[in-house]
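Reviewing the structure listed below.
Within every chain, numbering begins at 1; the chains are lettered A, B, ... in the order of the sequence lines, protein sequences first and strands thereafter.
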2 protein chains.
Amino acid sequence: MTQAPMRTVSRVADLIDQFDHLNPTRDLKELIEASGLPKSTVLRLATDLVNRGLLAINSKGYYSIGPAFLRWTRLAQEMWHVDEQTLNVLESLVRDLGETATLYVLQGRSRTAIASVDGTHAIRNVARLGEPLPLTRGASAIALLSGNLALIDSLKNAALLGEEESFDVDQLRTRAAQAAELGYSESQGEREADAASIAVPVRNQEGRVIAALSISGPISRFGSGVRDKALGRMIAASNVLSTNGIGPVGGLL
Amino acid sequence: MTQAPMRTVSRVADLIDQFDHLNPTRDLKELIEASGLPKSTVLRLATDLVNRGLLAINSKGYYSIGPAFLRWTRLAQEMWHVDEQTLNVLESLVRDLGETATLYVLQGRSRTAIASVDGTHAIRNVARLGEPLPLTRGASAIALLSGNLALIDSLKNAALLGEEESFDVDQLRTRAAQAAELGYSESQGEREADAASIAVPVRNQEGRVIAALSISGPISRFGSGVRDKALGRMIAASNVLSTNGIGPVGGLL
């Protein structure tokens, strides 16, 4: 039990990660190409995952997400569900600002969207719930780090070990410290070239930052006028969430 | 890449399998006990799973299903969803017979419930969707095997390799062949001591058995009178499903 099992966990996760709404089914060839692993390895992992119901294979040899997910999807939805009040806060932000409002939470060395309300414009940002995103890029990452500066060292160590993309540690620290002072963070084209975002931290009863509330959309709509209008609303919204909590999911954070 | 990675897939699946509605959170000690693995191994696997969002850990050290499952919630529900017509057939069976009606599909060397309508009695069978169950026990297993007799050899081989519980091959073959002839199967107390079940195969357009439709409840209510009443209805119901299909999920089978 040295590195091999850990690599296998990653490989298993990589295989499962190949399936989404755009790619609900995959054949063996696609899985091999996407994973870069030898055919025999992919076949063995996939067979084992099929036997556990984590993947399924149909009579034509196409793989898909397995029925075992039914077991956990309801559980995940109940646990990672924000309450009605929190959703109302997001909806009210979208009504006022027109841009997509999203709530991100810290998970290990990543951040994950657990709730999102789409903006009202045809061209808008659409958040993918549940997908682990980097903590080193984007306004929401900075807002989360602003209350968890010690995490930057853990990210740095992971990057040194090659487990994370490398990044400019000093710059990240400066930005997180600044966000802690100002109470918000901004980003333009960091994670996706055309997307801009403004984010504010959300705290739990003990004052610990557990989430980031963001609005995001195309860079072209995120001029300084928008920022000035948005910031007051967002800080007010985050205060409401910090005071009232965000529902049962808060207990998981 | 000999046996080790396969063991790891099983270990990963075992860890995730520890979480359900009765046990939404688990601490490290429980995970170690449940898995029988050394602490360091569980810790390493769990940490890797947390980094991929498949597990989450809160500030008190309790693990839960991770937010990454949100990514597949809609996908899994859409793919493994039977259509309205199929659900109506199950509901109508429950109205007529009072017992829980469930639709099982073949998955690898197991069967999995993908749709179920609860019986009307206070004491009733409740099917857990998405959970892989053995193909060697229970009326639904026999109904599925009745159209896939070749699978019995694969189950036998897996049992010889220690990957499956051993079972009486000849008895299983006899029962499956009999079910193929009669068009139904029965079981009493096979998978759970107090539960009885009657199951009929469901076919796809090409005539291949892709699912089993069962009714199940306490043994005390499954006398021969019930069977005689139930059988005609169930065979009629399975004919409807075999003719009309069970929805998009049929394409996965």
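Taking CG from A:N58 and CG from B:L253, the interatomic distance works out to 8.0 Å, rounded to the nearest 0.5 Å. For the atom pair CZ of B:R71 and CZ of A:F69, the computed distance is 10.0 Å after rounding to the nearest 0.5 Å. Between A:H81 atom NE2 and B:L70 atom CG the span is 10.5 Å, to the nearest 0.5 Å. Put simply, CG on A:L49 and OG on B:S10 are 9.0 Å apart, with the number rounded to the nearest 0.5 Å.
In this structure, A:H21 and B:L75 approach most closely via the heavy-atom pair CE1-N, 3.7 Å. Residues B:A13 and A:L54 come closest through the heavy atom pair CB-CD1, 4.2 Å. In terms of heavy atoms, B:P67 sits closest to A:T112 at CB-CG2, 3.8 Å.
Proximity to chain B among residues 144-160 of chain A is not found for any residue, judged by heavy-atom separations below 4.5 angstrom. Within residues 205-215 of chain B, the residues having any heavy atom less than 4.5 Å from a heavy atom of chain A are, in residue-number order, B:R208.
Heavy-atom pairs under 4.5 Å with chain A peak, among B:S64, B:G53, B:S110, at B:S64. Heavy-atom pairs under 4.5 Å with chain B were tallied for A:G108, A:P38, A:A56; the largest tally goes to A:A56. With chain A as partner, the option from B:L55, B:D20, B:V12 having the largest number of non-hydrogen pairs under 4.5 angstrom is B:D20.
Proximity of a side-chain donor or acceptor of A:W72 to a complementary backbone N or O of B:G66 within less than 3.5 Å is not detected. A donor-acceptor pair under 3.5 Å is absent between the side-chain atoms of A:W80 and the main chain of B:A68, judged by distance alone.
A:T25 has its side chain within reach of B:M79: a pair of non-hydrogen atoms, C-beta onward, lies under 4.5 Å apart.
Listed by chain and number, the residues in a salt bridge (Lys or Arg N to Asp or Glu O under 4.0 Å) with A:D14 are B:R52 (sequence neighbours excluded).
Only the backbone of B:I57 comes within less than 4.5 Å of a heavy atom in chain A; its side chain stays farther off.
Annotation: B:F167, atom CZ; neighbour count of heavy atoms from other residues, nucleotides and ligands within 6.0 Å is above 12.
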In residues 126-140 of chain A, what donor-acceptor pairs under 3.5 Å come from side-chain atoms, sequence neighbours left out?
residue: A:R128; atom: NE; partner: A:E131; partner atom: OE1; Å: 2.8
residue: A:R128; atom: NH2; partner: A:E131; partner atom: OE1; Å: 3.2
residue: A:R128; atom: NH2; partner: A:E131; partner atom: OE2; Å: 3.0
residue: A:R137; atom: NH2; partner: A:E165; partner atom: OE2; Å: 3.2

